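Worksheet: the structure to be examined is printed underneath.
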There are 2 protein chains.
Amino acid sequence: MTSNAKQGENSVPHPDVPGRPCSAAAALQLVGERWALLAIREIFYGNRRFDRIVRNTGAPRDRLAARLRALEEAGVVERRPYSERPLRFEYHLTGAGLDLAPVMHALLAWGDRWAVDAPPVAFRHRGAPGSDHDAEHDLDPVTMCRTCGEEARSGGLTIDVRAPGWDRAGPIEGV
Amino acid sequence: MTSNAKQGENSVPHPDVPGRPCSAAAALQLVGERWALLAIREIFYGNRRFDRIVRNTGAPRDRLAARLRALEEAGVVERRPYSERPLRFEYHLTGAGLDLAPVMHALLAWGDRWAVDAPPVAFRHRGAPGSDHDAEHDLDPVTMCRTCGEEARSGGLTIDVRAPGWDRAGPIEGV
DNA sequence: ATGGGTCGGTTTGAAATTCCAACTGTCATG
DNA sequence: CATGACAGTTGGAATTTCAAACCGACCCAT
């Protein structure tokens, strides 16, 4: 669980994970700490300055400062100066950060369904202009398979563990 | 941030969240603690017994016991006896738990792309028998909009904050 | 019946992390 | 010169986490 710094082609460090080798665990290692995703949410919303993020997430200032540093180190956010004199920074999402949108949408959809009475926020969605669906409507996210265009139903999925020494049930004995 | 217990129609308690009212924050309140999603991952994989989950997640036993209790309380997992004498339980996902699949897929996809060298696990996907795409292939999850059938591109989305007293930027002044 | 092994935890005490409130430093504005 | 905005940092207390050992119920083999 040492936070090593193997670099992929895309400048995000590859964390070690406890237990089973797993991309979701690796993802959580980078963005799963407390306050991290809420900070990212605010940046998604366009609130890029420290005080705004503190106010809108409710995070303690020192924790937020630490999280933003960690996220910067993780290559998920980027700190850009918006003023010299006094030197001030704002936080932007990198490509990796923007790529968290599906995670946010999935969490939001789950929370809408299971964790709140009425959705406190919705995303209004409009297809490409001229397309069939250019009327604005609430986004209702479903995860589909890009390869075949069908919905990912749990029934149609099987697990294929490729990490050496592991299978679905756990570490393979006698290795 | 008191963990109140308003019940929705579906038996999952609705947590209070710090900062902006937000379904994603509410979701994280229930399943965002350390080890929670990894435990859920193992249950998804069919590893339902305590020792297996400990082994495959690497979580400390006491933490895992606490997390599973919290997830049970949150209505995400269910404890079912699989043996009397000695009395033993295994953990199953409830409807709310199964509904976390899109979150897991999104995290996994993000991790595959940004946090590991080579995906340690893939989901093999097969469409409905007789459909166009019944050849097995790796699931490549994309989030689409159920309403219009188009991909949720960040360009086509705008935020609509419906929580009273809040807007995109934060709490509305003078309320 | 004794000793070992399994399973699902609980207990303990130390270590790490988090929280809160106050503080700092730099600058702009009036 | 005083006030306020902004972006943190600091200190100390409170909470959470961790690792490792332990426990109780049971099964099985000797």
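Values below: all heavy atoms of this structure, side chains included; hydrogens, waters and symmetry mates excluded. Every value quoted in this text rests on a predicted model; they were computed, and no experiment measured them.
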Closer than 3.5 angstrom, by distance alone: can the side chain of Arg124(B) be matched with the main-chain N or O of Ala122(B) as a donor-acceptor pair?
no
Roughly how far, to the nearest 0.5 Å, is the CE atom of Met144(B) from the NE2 atom of His125(A)?
9.0 Å
With salt bridge (Lys or Arg N to Asp or Glu O under 4.0 Å) as the rule and sequence neighbours excluded, what pairs involving residues 57-66 of chain A come up?
Asp51(A)-Arg61(A)
From CZ of Arg34(B) over to C1' of dA16(C), roughly how many Å is that when rounded to an integer?
12 Å
For DNA chain D, what residues of residues 80-90 of chain A have any heavy atom nearer than 4.0 Å?
Tyr82(A), Arg88(A), Phe89(A)
Determine: side-chain N/O of Trp35(B) to OP1/OP2 of dC18(D), distance under 4.0 Å, yes or no.
yes
Round to a whole Å and report the spacing from CG of Leu64(B) to C1' of dA19(D).
15 Å
For residues 38-45 of chain A, which side-chain N or O atoms pair as donor and acceptor with protein atoms under 3.5 Å away, sequence neighbours left out?
from     : atom 1 : to       : atom 2 : distance (Å)
Arg41(A) : NH2    : Asn56(A) : O      : 3.1
Glu42(A) : OE1    : Asn47(A) : ND2    : 2.7
Glu42(A) : OE1    : Asn56(A) : ND2    : 3.0
Glu42(A) : OE1    : Arg20(B) : NH2    : 3.0
Glu42(A) : OE2    : Arg20(B) : NE     : 2.7
Glu42(A) : OE2    : Arg20(B) : NH2    : 3.3

Please give, in whole Å, the distance from dA14(D) C1' to Arg63(A) CZ?
14 Å
Output side-chain donor-acceptor pairs under 3.5 Å for residues 93-106 of chain B, partner residues at least two apart or in another chain, one line each.
from     : atom 1 : to        : atom 2 : distance (Å)
Thr94(B) : OG1    : Gly75(B)  : O      : 2.7
Thr94(B) : OG1    : Val76(B)  : O      : 3.1
Thr94(B) : OG1    : Ala96(B)  : N      : 3.3
Thr94(B) : OG1    : Gly97(B)  : N      : 3.2
Asp99(B) : OD2    : Arg113(A) : NE     : 3.0
Asp99(B) : OD2    : Trp114(A) : NE1    : 2.7

When the distance from CG of Leu68(B) to P of dT10(C) is rounded to whole Å, what number comes out?
11 Å
Only counting residues at least two apart or in another chain, list the ones meeting side-chain contact (heavy atoms from CB on, under 4.5 Å) with Arg69(A).
none
Shortest side-chain distance from Arg61(B), nucleotide among dC18(D), dG9(C), dC20(C):
dG9(C)
Of the candidates dG9(C), dT11(C), dT10(D), the side chain of Asp62(A) sits closest to dT10(D)
Does anything in residues 41-58 of chain A come within less than 4.0 Å of DNA chain C? Heavy atoms only, and list the residues if so.
none
dT10(C) OP1/OP2 closer than 4.0 Å to side-chain N/O of Arg69(B):
yes
Check this for me, if you would: do Glu90(A) and Arg80(A) make a salt bridge, where the nitrogen-to-carboxylate-oxygen distance has to be below 4.0 angstrom?
no
Less than 4.0 Å between a side-chain N and a carboxylate O, is that true for Arg162(A) and Asp138(B)?
yes
Let me know the distance between CZ of Arg79(A) and P of dG8(D), rounded to the nearest Å.
5 Å
Is the closest side-chain heavy-atom distance between Arg48(B) and Tyr82(B) below 4.5 Å?
no
